[in-house]
*Asks:* 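Please read through the structure below; I'll follow up with questions.
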Number of protein chains: 2
Amino acid sequence: MTAVPPARISHPETGEVADPRVEALVNEVIGRVADKWTMLILEVLAEHGETRFTRVGELVGGISQKMLTQTLRQMERDGLVVRTVHPVIPPKVEYRLTDLGFTLAEAFCGVWTWAETNIDRIEAARAAFDGRKR
Amino acid sequence: MTAVPPARISHPETGEVADPRVEALVNEVIGRVADKWTMLILEVLAEHGETRFTRVGELVGGISQKMLTQTLRQMERDGLVVRTVHPVIPPKVEYRLTDLGFTLAEAFCGVWTWAETNIDRIEAARAAFDGRKR
DNA sequence: GTGCCTACTTTCCAATGGAGAGTGACCGTC
DNA sequence: GACGGTCACTCTCCATTGGAAAGTAGGCAC
């Protein structure tokens with residue numbers, strides 16, 4: 001988190017950044033992590049702290065139970081969340097971000113604020129595009 | 001890009017951030033933009049500047065033509081890229097980021113460096129998880 | 001007993017994504 | 001003048017993914 005490597009953008013024609021092995025791995029990680037539900041869950045866990053299964057689903061909104069379980073499991077496997085099972089009846093399972101998860105949430109924070117500040121521009125662009133083409 | 005709103009994370013129990021209408025719109029935008037191919041294309045266009053159709057495909061790697069056209073069209077509609085058709089034979093179409101696209105690329109830059117710096121931690125977490133469960 | 005609670009799991013079906021072939025428009029070669 | 005090549009798609013077929021809804025487990029209240 002300290003010692004951020006030099007920017008990876010804004011230098012066209014300057015050659016690749018690193019060896020292709022790392023490149024491929026990074027792409028694989030991006031593929032896993034840059035998914036709608038992962039981002040949304042990351043956000044609610046960052047905002048609400050330790051949260052129960054169904055509550056996460058409510059806060060995310062519009063997610064099916066299948067995808068909720070699946071995404072949470074994936075995130076647990078990648079070390080982004082910790083799953084705590086309280087052996088009570090009825091069952092109680094809580095999820096919270098690990099340090100790693102938190103750093104990722106911070107990284108995504110920029111995208112979030114970008115989305116907030118640029119919604120109008122996107123909608124304008126869409127309207128212009130749709131108006132032009134049809 | 002100026003006047004970044006206060007951080008949206010790290011304050012559990014502090015109540016929601018804004019009105020739910022904006023919340024929903026932001027989620028919709030995130031859903032569109034936080035997609036594997038969009039991120040990857042954004043990255044190559046940020047790094048390589050104006051680029052031709054097939055070249056983008058090569059640089060992204062592993063993307064089908066269908067998804068390439070589809071994602072580029074979507075990005076064009078959202079005002080992230082500009083599509084320039086040179087009326088020559090054989091056809092030549094170039095794509096480049098708009099200012100808006102560039103700001104998004106910058107926002108994603110944090111995720112990129114996060115992925116680079118944390119690959120080892122993710123792999124370790126996965127190994128631990130898989131070892132525990134099987 | 002019958003329900004109810006929660007966190008899943010399973011089943012079924014519709015939508016998405018990938019592989020690969022086809023298309024159009026023209027040019028250069030034979 | 002038929003033939004192949006180039007490039008940016010577009011179309012078709014099929015496997016995988018994702019959503020909706022029902023089922024499961026296991027004990028507790030009635």
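Given the structure is predicted, the values throughout are model-derived calculations rather than measurements. Here is how names work: the chains are called A, B, and so on, in the same order as the sequence lines, proteins then strands, and each is numbered from 1. The figures that follow rest on heavy atoms only: side chains count, while hydrogens, waters and symmetry mates do not.
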*Asks:* Applying side chain to side chain donor-acceptor pair (under 3.5 Å), can you list everything that pairs with B/Asn27, at least two apart in sequence or on another chain?
*Replies:*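 Side chain to side chain donor-acceptor pair (under 3.5 Å) list for B/Asn27, sorted by chain: empty.
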
*Asks:* Without decimals, in angstroms, what is the distance between A/Asp35 CG and C/dG17 P?
*Replies:*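 Taking CG of A/Asp35 and P of C/dG17, I get 12 Å after rounding.
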
*Asks:* Suppose we screen for side-chain contact (heavy atoms from CB on, under 4.5 Å). Which residues come up paired with A/Val29, at least two apart in sequence or across chains?
*Replies:*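 A/Val29: side-chain contact (heavy atoms from CB on, under 4.5 Å) contacts with B/Trp114, B/Ala115, B/Ile119, B/Ile122.
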
*Asks:* With sequence neighbours left out, what residues match B/Arg96 under side-chain contact (heavy atoms from CB on, under 4.5 Å)?
*Replies:*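 B/Arg96: side-chain contact (heavy atoms from CB on, under 4.5 Å) contacts with B/Glu50, B/Val82.
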
*Asks:* What pairs with A/Glu94 under side chain to side chain donor-acceptor pair (under 3.5 Å), at least two apart in sequence or on another chain?
*Replies:* A/His86

*Asks:* Residues in side chain to side chain donor-acceptor pair (under 3.5 Å) with A/Thr38, at least two apart?
*Replies:*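 A/Thr38 satisfies side chain to side chain donor-acceptor pair (under 3.5 Å) with A/Asp35 only.
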
*Asks:* Kindly list each side-chain donor-acceptor pair under 3.5 angstrom involving residues 53-64 of chain B, sequence neighbours excluded, with atom names and distances?
*Replies:*
| unit_1 | atom_1 | unit_2 | atom_2 | d |
| --- | --- | --- | --- | --- |
| B/Arg55 | NH1 | B/Glu58 | OE1 | 3.1 |
| B/Ser64 | OG | B/Met67 | N | 3.3 |

*Asks:* Using the heavy-atom set of chain A and a strict 4.0 Å cut-off, write down the first and last nucleotide of DNA chain D that makes it in, 5' to 3'.
*Replies:* D/dG18 to D/dG27

*Asks:* Salt-bridge test for B/Arg32 and A/Glu123: reply yes if a basic N is under 4.0 Å from a carboxylate O, no otherwise.
*Replies:*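 Judged by the 4.0 Å cut-off on N to carboxylate O distance, B/Arg32 and A/Glu123 do not form a salt bridge.
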
*Asks:* Measure all distances between protein nitrogen or oxygen atoms and nitrogen or oxygen atoms of nucleotides 1-11 of chain C, and list the pairs falling under 3.5 Å.
*Replies:*
| unit_1 | atom_1 | unit_2 | atom_2 | d |
| --- | --- | --- | --- | --- |
| C/dT6 | O3' | A/Arg52 | NH2 | 3.1 |
| C/dT6 | O3' | A/Pro91 | O | 2.9 |
| C/dA7 | OP1 | A/Arg52 | NE | 3.0 |
| C/dA7 | OP1 | A/Arg52 | NH2 | 3.1 |
| C/dA7 | OP1 | A/Val93 | N | 3.3 |
| C/dA7 | OP2 | A/Thr54 | N | 3.4 |
| C/dA7 | OP2 | A/Thr54 | OG1 | 2.8 |
| C/dC8 | OP1 | A/Arg83 | NH2 | 2.5 |
| C/dC8 | OP2 | A/Tyr95 | OH | 2.6 |
| C/dC8 | N4 | A/Gln65 | OE1 | 2.5 |
| C/dC8 | N4 | A/Gln65 | NE2 | 3.4 |
| C/dT9 | OP2 | A/Arg73 | NH2 | 3.2 |
| C/dT9 | O4 | A/Gln65 | OE1 | 3.4 |

*Asks:* Could you tell me which residues satisfy side chain to side chain donor-acceptor pair (under 3.5 Å) with A/Arg77, sequence neighbours excluded, listed by chain and number?
*Replies:*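 By the side chain to side chain donor-acceptor pair (under 3.5 Å) rule, A/Arg77 matches B/Asp130.
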
*Asks:* Taking only residues two or more places apart in sequence or in another chain, which ones pass salt bridge (Lys or Arg N to Asp or Glu O under 4.0 Å) with B/Arg52?
*Replies:* none

*Asks:* Considering just the side-chain nitrogens and oxygens of B/Trp37, establish if one lies under 4.0 Å of OP1 or OP2 belonging to C/dT16.
*Replies:* no

*Asks:* Quick one: does B/Thr98's side chain have a donor or acceptor within less than 3.5 Å of a partner on B/Gly79's backbone?
*Replies:*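 Yes: the side chain of B/Thr98 pairs with the backbone of B/Gly79.
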
*Asks:* So how far off straight is the helix from C/dG1-D/dC30 to C/dC30-D/dG1, going by the axes through five pairs at either end, to 10°?
*Replies:*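 That helix has its two terminal axes inclined by roughly 30°.
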
